[in-house]
Amino acid sequence: MDILLSLPIASYFFSTSLTSWSTSLNLIFFYMTWSTLILSHSPLKIELLGVLALRIVFWLVPSLFFLIFDCSIPSLAESLKYKGSSALPPRDATALAKLVGLATFNLLLESAVQAGVSLALSNLLQTPVFRSSTTLPLPFQIIKHILLLFTAREFLTYFIHRYLLHGGGPNSNRRRPISSTITNLHLRYAHSRRAPPFSLSLMTDHPIPFLLHRFVPLYLPAILLGTSRSSGLHILTFLLFVLLTTLEETLSMSGYTIVPGIILGGITRRNALHYCSGSSSGSGGNFGSWGVLDWVHGTSLGKDVMSDVKDEAEKHRLKERGEKAADDVGGLVEEGISSLRRSTRNRKSRAR
């Protein structure tokens, strides 16, 4: 946890909105903290504990809070959920304890697999998987790598989810035994009920489908980019990617209709429809994280991602029109006040 608290990421990425003096102080403070962290901990420890801390703070804690809220005030919670009361988590204490236990086990399993892979690659390559120097990555490089990671994650999530976990495709009736077993495990655990998910559901799948669905798309692109000689991935960029992905998954799996933003709200809606459809073997839709490949392959359920983009564009157009109308009204008011002042001055000059 001390590693997470030692990363004042906000001061580094959002410092441009502050004054130049406070920006300089924030950057100096960030650099000193980051240098101390790098010099006092191994790269593997920073990677493992950083990811685990981000998962706990931005997924486990909010998920337990949402779970307590849904179970404590169901009458209010169901009004905020897709499909109403059917989206509420089970209120049976034994069932909830099993779900929390499975989610915690998968979280620890994810950390253990990550530790094993990172340690093996570090020993094989004789270098850490991610760059962990005191030199901070440039903002342009961070944006470029984050876009690459999200793009690769979208591809992996879609094809793994559709063809491995749901047995989709033209040969879905002739699946191999291993693929069929993985599909059945995913359907039995992740789709045990036909209702929108809640945030804890992110890690309540069977461990094997969970690693394929959530861990591989997150970690595989990162290690490929990290071990690339041309553009090694900085560990700070990787932690930022984990942070953004975890926040997106926590909110989009919540099942709430009040998730902010048209794009993120659209992801949440598509997740709800995916789980409501039952998504039996070889059927269903909304397999991707962002819905782009679902739109390309025609597997979208309900409004697709392009509809969300159009809604977002229309929202900004309406905002611009409102601002322009406000400016016009303000200009007319200002012009009227100026005319009134001029006429008052003219009357005073005539009286003299």
Side-chain angles (χ1 to χ4, degrees), residues 82-83 106 110 113 147-199 201-224 241 245-246 248-255 263-309:
Y82 287 103
K83 303 297 182 180
N106 280 335
E110 180 185 52
V113 173
L147 290 176
L148 286 173
L149 291 171
F150 269 114
T151 301
R153 171 177 170 258
E154 175 70 13
F155 274 90
L156 286 171
T157 299
Y158 179 83
F159 288 108
I160 290 174
H161 197 184
R162 181 180 180 184
Y163 292 102
L164 269 180
L165 303 186
H166 286 276
N171 297 319
S172 58
N173 295 325
R174 294 183 295 171
R175 296 191 307 275
R176 296 179 180 179
I178 295 179
S179 175
S180 178
T181 300
I182 293 174
T183 299
N184 292 333
L185 288 173
H186 176 68
L187 295 177
R188 194 172 73 186
Y189 280 78
H191 293 275
S192 58
R193 59 180 203 149
R194 299 186 64 167
F198 44 97
S199 294
S201 305
L202 179 69
M203 297 195 186
T204 56
D205 200 352
H206 186 277
I208 295 175
F210 163 73
L211 290 176
L212 290 171
H213 188 197
R214 303 295 180 183
F215 176 72
V216 171
L218 177 77
Y219 195 58
L220 181 58
I223 60 175
L224 291 177
F241 173 60
T245 301
T246 304
E248 175 219 303
E249 290 175 332
T250 302
L251 291 174
S252 65
M253 289 289 287
S254 67
I263 301 299
L264 188 56
I267 298 174
T268 307
R269 185 187 65 252
R270 284 190 292 274
N271 265 334
L273 289 173
H274 172 76
Y275 282 89
C276 284
S277 68
S279 294
S280 58
S281 178
S283 66
N286 293 346
F287 300 110
S289 298
W290 289 72
V292 177
L293 290 180
D294 284 293
W295 173 69
V296 172
H297 291 274
T299 53
S300 296
L301 298 177
K303 288 176 61 177
D304 55 37
V305 66
M306 296 309 296
S307 299
D308 292 336
V309 171

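Hydrogens, waters and symmetry mates are skipped; everything else that's a heavy atom, side chains included, is used.
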Is it the case that the side chain of H206 and the backbone of I208 share a donor-acceptor pair, with hydrogens and angles ignored and the cut-off at 3.5 Å?
yes
Taking every heavy atom of E248 against every heavy atom of S289, the minimum-distance pair comes out as OE2-CB, 4.2 Å
Is the closest side-chain heavy-atom distance between N184 and S180 below 4.5 Å? yes
Any side-chain heavy atom of E110 sitting closer than 4.5 Å to one from F210? yes
Distance col, row F159:CZ vs L293:CG, nearest 0.5 angstrom, shows 5.5 Å
**Study point:** Validation row: L165, I182 side chains within 4.5 angstrom (heavy atoms)
**Key:** yes
Report yes or no: does T183 contribute a side-chain atom to a donor-acceptor pair with the main-chain N or O of L164 at less than 3.5 Å? yes
Do T268 and Y82 come within less than 4.5 Å of each other through their side chains, counting heavy atoms only? yes
For P196 and K83, the nearest pair of non-hydrogen atoms, with its separation, is CG-CG, 3.7 Å
Minimal heavy-atom distance between L212 and V216, with the atoms involved, is O-CB, 3.7 Å
Taken to the nearest 0.5 Å, the spacing of L301 CG from N271 CG works out to 11.0 Å
- Classify the angle between the aromatic ring planes of H191 and Y275 as parallel (below 30°), tilted (30 to 60°) or perpendicular (above 60°). parallel
*Does L224 reach the side chain of P221, with side-chain heavy atoms less than 4.5 Å apart?*
no
Checking E154, H161, R153 against P217 for side-chain contact (heavy atoms from CB on, under 4.5 Å), the one that qualifies is R153
Open item on the list: Can you tell me if F150 has over 12 outside heavy atoms packed within less than 6.0 Å of its CZ?
Closed with: yes
Heavy-atom closest pair (P209 atom, L185 atom, distance to 0.1 Å) is CG-CB, 4.0 Å
Contacts of D308 meeting salt bridge (charged side-chain N to carboxylate O under 4.0 Å, His left out) (sequence neighbours excluded), chain-then-number -> R269, R270
Checklist entry - Any side-chain heavy-atom pair from W290 and I267 closer than 4.5 angstrom? => result yes
| message | Can you classify the ring geometry of H166 versus H186 as parallel (below 30°), tilted (30 to 60°) or perpendicular (above 60°)? | response | perpendicular
CG of L211 to CD1 of I160, rounded to nearest 0.5 Å, is 10.5 Å
Smallest heavy-atom separation, G288 atom then Y158 atom, equals N-CD1, 3.7 Å
inquiry  = Are there over 12 heavy-atom neighbours, none belonging to K303, within less than 6.0 Å of that residue's NZ?
reply    = yes
Value for CG (N286) from CZ (R162), rounded to nearest 0.5 Å, stands at 12.0 Å
Distance col, row M203:CE vs M253:CE, nearest 0.5 angstrom, shows 10.5 Å
One should read off an interatomic distance between E249 CD and S254 OG, to the nearest 0.5 angstrom, of 12.5 Å
Would you indicate whether the side-chain heavy atoms of D294 and F287 approach each other to under 4.5 Å? yes
